[in-house]
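Please read these numbers as outputs of a predicted model, since none were measured by experiment. In what follows, chains carry the letters A, B, and so on, assigned in the order in which the sequence lines appear, proteins first and then strands, with residues in each chain numbered from 1.
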Amino acid sequence: MKELETKYDHLKVEEGKYDFWLKKRVFESGQSKGPAYTIVIPPPNVTGKLHLGHAVDTTLQDILIRYKKMQGFDTLWVPGMDHAGIATQAKVEARLMAQGINKYDLGRENFLKQSWAWKEEYADFIHEQWKKLGLSLDYTKERFTLDEGLNKAVTHVFVSLYNKGLIYQGERIINWDIKLKTALSNIEVIYKPSKSKMYYFKYAIPNSQEYIPVATTRPETMFADECVVINARDPRYLKYLNKMVINPSNNELVPVIADNYVEIDFGTGAMKCTPAHDPNDYLLGKKYNLRFRKCLNKDGTVNELGHKYAGLDRFVAREEMVKDMLENGSLIKIETIENQVGYSERSDTIVEPYLSKQWFVKMKPLAEQVIKYQKSNDKINFYPARFEKTLIQWMENIEDWCISRQLWWGHQIPVWYRKDSNKILVSEKAPTDIENYKQDEDVLDTWFSSALWPFSTLGWPENSHNYQKYYPNSVLVTAYDIIFFWVSRMIFEGIEFTHQKPFNDVLIHGLIRDEQGRKMTKSLGNGIDPMDIIAKYGADSLRYFLISGVAPGLDTRFSIEKIEASWNFINKIWNASRYILMNIGLEDYQLEIDKLELVDNWIINKYNELVNKVTLNLDKYEFGLVCSDVYSFIYDYFCSWYIELAKVNLNSDNLQIRNNSKAVLKTLLIGILKILHPIMPFVTEEIYQSLINSNEVALVTTNWPKEIKIKENGNDFNYIIDIITSIRSFKSENNIIPSKTISLYIKSENKEILKVLEENRKFIGKFTYAPEIVIDKDINNSEIGKTIVLNNITLFIPMTSYLNIKEEIININKNIDKINFEIKRGEGILNNKSFIEKAPPEKIREEKEKLSNNKQKLKELNETLAILNNNS
RNA sequence: GGAAGUUUAGCUCAGCUGGGAGAGCAACGCCCUUACAAGGCGUGGGUCGUGGGUUCGAGCCCCUCAACUUCCACCA
């Protein structure tokens with residue numbers, strides 16, 4: 001027989017468990033005849049290790065998968081990782097740079113080899129971490145966003161969208177990363193509040209002292225100015241309309257035009273227009289047919305338009321030209337302002353709005369489909385529901401999606417340009433006469449492939465078995481910060497290409513913040529490695545911590561105390577199990593429903609309530625509620641009460657009673673282990689295997705617990721608990737040590753209750769240290785003692801020596817006041833016609849019962865008071 | 001500028017469709033009771049951000065204001 005160690009040792013418990021599950025192949029799909037239940041993991045980037053955010057996200061998914069598997073579903077949890085184009089390329093470049101290698105010297109092919117090597121390396125880290133977390137992933141179905149199958153899906157989608165006119169190539173202002181030399185989508189730009197300088201320049205009227213003042217934060221773009229724009233209703237500048245002014249940076253003459261876009265009250269009321277370097281100016285350029293001249297190179301240096309500043313970095317050039325213009329008098333002033341400056345998410349350099357030829361997805365038609373779909377009965381359900389609004393708002397305000405990236409690491413765009421003409425070929429297959437073509441060198445935005453993740457991982461666009469069986473996904477689990485980037489894109493691609501929603505539900509969770517409530521970021525260095533927590537407290541503690549006390553969609557604050565509390569809770573379960581194993585061993589006891597005692601029915605009833613609540617709340621994704629229900633059942637009812645009470649029965653002379661207790665303890669423990677298994681898989685597995693003395697059966701392959709049918713609900717046992725609790729309080733409050741023996745008289749006017757008391761006398765005696773209990777004896781009126789009035793029961797402890805009669809009279813009077821107040825309240829409510837008419841009958845019945853209890857209590861208290869008064 | 005969230009015990013947070021406020025940690029008192037002292041038993045502590053409203057009844061629903069947080073969009 002396998003015994004449990006005296007203390008919970010998470011290292012020993014978790015050692016080898018995952019390998020056991022893998023060996024048993026319990027995570028592989030297709031083993032159940034039940035309906036499919038599918039989750040695809042949000043693929044982590046292969047740029048680094050998993051953080052606590054991944055830990056919450058995957059824990060939630062693992063709970064769902066294990067729970068559904070125990071319920072008989074054919075579960076599939078698809079693992080995978082994201083190639084994370086820009087992020088990975090930036091890391092690989094940096095690593096090469098550290099070795100003194102330039103990627104251009106290396107060449108595209110060799111660079112990709114390096115990138116794949118990087119991917120393998122980081123995939124190993126991530127696999128190791130998934131293992132430590134205990135995730136029930138089906139590795140036979142693992143995918144990568146850059147694998148061959150996904151490439152097929154990606155090219156298929158690109159070509160289809162192109163043929164439908166939803167992908168186009170265009171020259172537009174995009175966010176340009178001068179360091180990585182690639183376009184970025186809007187969401188790859190991080191805006192940070194900064195102190196910037198606002199420069200005011202004179203755009204002079206030729207042969208005059210007059211000028212139009214114009215402000216800019218980016219003077220280096222002035223070399224490409226095409227005009228000055230004013231508002232036609234602005235009296236200050238109207239006289240200059242259609243005249244020419246001198247651009248002070250290069251002395252070019254530019255026209256003054258008018259457009260309502262310019263606000264009279266803002267700034268100087270006049271703005272310079274640089275169509276190739278600013279998105280709003282670009283629109284004006286289109287509107288007025290301006291030239292789109294660029295004055296910056298792709299690396300952020302000034303080009304030949306900058307004349308003497310050509311070749312200087314944009315910011316160096318800025319300093320220089322400002323200095324020069326200060327000297328020649330065209331600089332009016334410099335103000336320091338607070339504004340938002342866009343930085344590249346990956347290279348952390350200031351993003352340059354830049355005119356460039358890129359590929360775009362036309363978003364309007366796709367977004368409208370999503371909005372329409374969410375108005376249908378078949379809509380995707382968001383948990384919590386409010387996040388649907390975030391999606392819809394994003395869809396309503398969406399702009400075209402720039403999908404081309406000037407990178408090597410990614411899906412190369414399936415477009416071929418004919419060398420001898422300007423014809424292009426957009427095709428899933430390379431042209432046969434490839435020597436006459438050159439493929440577009442750019443790759444697609446990473447999100448272009450991750451947007452297909454829910455179905456591409458299942459074999460789409462082939463109509464494969466997996467796709468048929470496991471699509472759509474049951475639920476998508478992710479944090480709220482990724483709804484825009486990812487969730488919305490999966491939805492419109494899913495609807496467009498699979499003609500159905502990609503997942504039935506979307507479960508949104510919050511972020512893990514540090515102990516001070518700050519976001520965990522690299523720059524703050526306040527990140528916590530989940531692996532460190534697992535080493536110290538175990539994966540089970542971490543997992544329990546991550547979901548307990550958390551409301552859906554809200555952030556969690558990291559707390560080492562709470563992780564310790566989680567560990568303590570597991571230790572409690574461990575010890576309870578150890579006790580049960582010690583007393584029952586491996587003997588098999590059948591639960592004989594007909595022969596159970598009240599106490600057994602009482603705990604089974606509580607257990608049944610637990611099973612029902614937990615099942616309901618898991619289906620509602622209310623993991624926080626699951627934790628609190630499980631915790632209070634195990635801690636309060638099962639450990640503090642039932643196990644302690646069972647100690648009496650386990651020592652009983654009566655074989656039946658002993659067997660009842662053993663059977664209930666063992667049955668409920670197994671039930672508890674099953675309920676807890678999805679949350680804390682390792683320790684429950686360990687205890688379960690000890691309990692059945694076999695390491696052959698994995699707990700996750702057993703059935704989810706159901707209610708145990710019992711003959712009565714055992715609620716009358718609450719009288720016993722009330723009595724014990726009140727005696728304990730009495731002793732504690734009166735500085736009587738708990739083990740001090742007392743005499744105890746109990747009376748009640750209810751015959752049924754008296755019967756219950758009689759039958760459970762052994763428990764009362766043991767826990768109140770009352771060797772002799774007198775039930776329903778007329779209490780001698782002259783006797784002095786402590787009277788405790790409970791619902792339907794009055795306790796009396798004859799204890800002259802311990803009792804200060806005067807104080808006791810004061811106490812009882814206080815009590816009487818309280819009860820009178822309660823009676824008044826109850827009568828008030830019950831005399832309220834509206835209440836009687838409108839309140840649910842259940843509530844009315846409750847209030848009536850309370851009132852009659854209170855009246856009875858008052859009567860008892862008054863009698864007690866009379867006796868004390870007679871003796872004082 | 002637009003949107004969302006948060007405000008409950010000393011701290012960190014639960015509180016599901018409105019029916020007399022809960023947990024963990026901390027504090028205090030007692031207890032080495034043979035599963036557990038990383039424990040047990042017990043106690044104290046909240047006018048649920050403000051001001052109104054709806055209702056027989058509001059922490060929960062509606063409105064006002066305040067503070068904090070986040071997201072989106074940003075004007076030269």
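Listed candidates were U43(B), C75(B), C56(B). Nearest to the side chain of S729(A) is U43(B). Comparing A4(B), A35(B), U43(B) by their closest approach to the side chain of K389(A) singles out A4(B). The nucleotide whose nearest atom lies closest to any side-chain atom of F484(A) is, among C71(B), G29(B), C31(B), C71(B).
Contact between V229(A) and V262(A) at its shortest, heavy atoms only, is CG1-CG2, 3.5 Å.
Salt-bridge annotation for K272(A) and E226(A): absent, with no side-chain N of the basic residue lying under 4.0 Å from a carboxylate O of the acidic one.
Stacking here means ring centres nearer than 5.5 Å and ring planes tilted less than 30 degrees, and by that measure F266(A) stacks onto C75(B). For the pair W567(A) and A38(B), the ring geometry qualifies as stacking, because the centroid separation is below 5.5 Å while the planes lie within an angle under 30°.
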(message) Dot-bracket, 5' to 3', for RNA chain B please: Watson-Crick or G-U pairs under 3.5 Å, [ ] where pairs cross earlier ones, | where the partner sits on another strand, dots elsewhere.
(response) (((((((..((((.....[..)))).(((((.......))))).....(.(((..]....))).))))))))....
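The CD1 atom of I392(A) sits 14 Å away from the P atom of A4(B) (whole-angstrom rounding). One atom, CD1 of I563(A), and another, P of G24(B), lie 18 Å apart when rounded to the nearest Å. When rounded to the nearest whole Å, the span between CD1 of I643(A) and P of G40(B) equals 12 Å. The separation between N339(A) atom CG and G1(B) atom C1' is 16 Å, rounded to whole Å. Atom pair K192(A):NZ and C71(B):P shows a separation of 13 Å (rounding to whole Å applied).
Between C28(B) and C68(B), the distance separating the two P atoms is 35 Å to the nearest Å. A distance of about 14 Å separates the P atoms of A23(B) and G45(B), rounded to the whole Å. Taking atom P in both G57(B) and G18(B), one finds a spacing of 15 Å when rounded to whole Å. Nucleotides G59(B) and C48(B), compared at atom P, are 7 Å apart to the nearest Å. Here, G42(B) and U64(B) have their P atoms 47 Å apart, quoted to the whole Å.
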(message) With salt bridge (charged side-chain N to carboxylate O under 4.0 Å, His left out) as the criterion, how do E733(A) and R728(A) come out once you've worked through the C-alpha distance, each side chain's angles and the decisive distance to 0.1 Å?
(response) CA-CA 9 Å; E733(A) 281 161 16; R728(A) 279 175 175 169; over 6 Å; no
(request) Evaluate the side chain to side chain contact (heavy atoms under 4.5 Å, CB included) criterion for residues Y211(A) and S330(A): first the C-alpha distance (whole Å), next the side-chain angles of each, then the deciding distance (0.1 Å), finally the verdict. (result) CA-CA 10 Å; Y211(A) 62 85; S330(A) 38; over 6 Å; no
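Here the rule is side-chain contact (heavy atoms from CB on, under 4.5 Å) with K197(A), and of T216(A), I334(A), I337(A), T217(A) only I334(A) fits it. T221(A) pairs in a side-chain contact (heavy atoms from CB on, under 4.5 Å) with only one of the listed residues (H277(A), R318(A), R314(A)), which is H277(A). Each of I573(A), V13(A), I687(A), N575(A) was checked for a side-chain contact (heavy atoms from CB on, under 4.5 Å) with Y8(A), and the lone residue meeting it is V13(A).
Side-chain N/O atoms of R728(A) include one lying less than 4.0 angstrom from OP1 or OP2 on G42(B).
Mapping T268(A) and Y480(A) onto RNA chain B via the closest heavy atom, the residue that lands nearer the 5' end is Y480(A). Comparing P738(A) and K850(A), the nucleotide of RNA chain B nearest to each residue sits closer to the 5' end for K850(A).
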Every protein N/O lying under 3.5 Å from an N/O of nucleotides 6-14 of chain B:
{"from": "U12(B)", "atom 1": "O3'", "to": "R557(A)", "atom 2": "NE", "distance (Å)": "3.2"}
{"from": "U12(B)", "atom 1": "O2'", "to": "K562(A)", "atom 2": "NZ", "distance (Å)": "3.3"}
{"from": "C13(B)", "atom 1": "OP1", "to": "R557(A)", "atom 2": "NE", "distance (Å)": "2.8"}
{"from": "C13(B)", "atom 1": "O2'", "to": "G549(A)", "atom 2": "O", "distance (Å)": "2.7"}

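Judged as a side chain to side chain contact (heavy atoms under 4.5 Å, CB included), and not counting sequence neighbours, the contacts of E263(A) are F266(A).
Rounded to the nearest 0.5 angstrom, L542(A) CG and I533(A) CD1 are separated by 6.5 Å.
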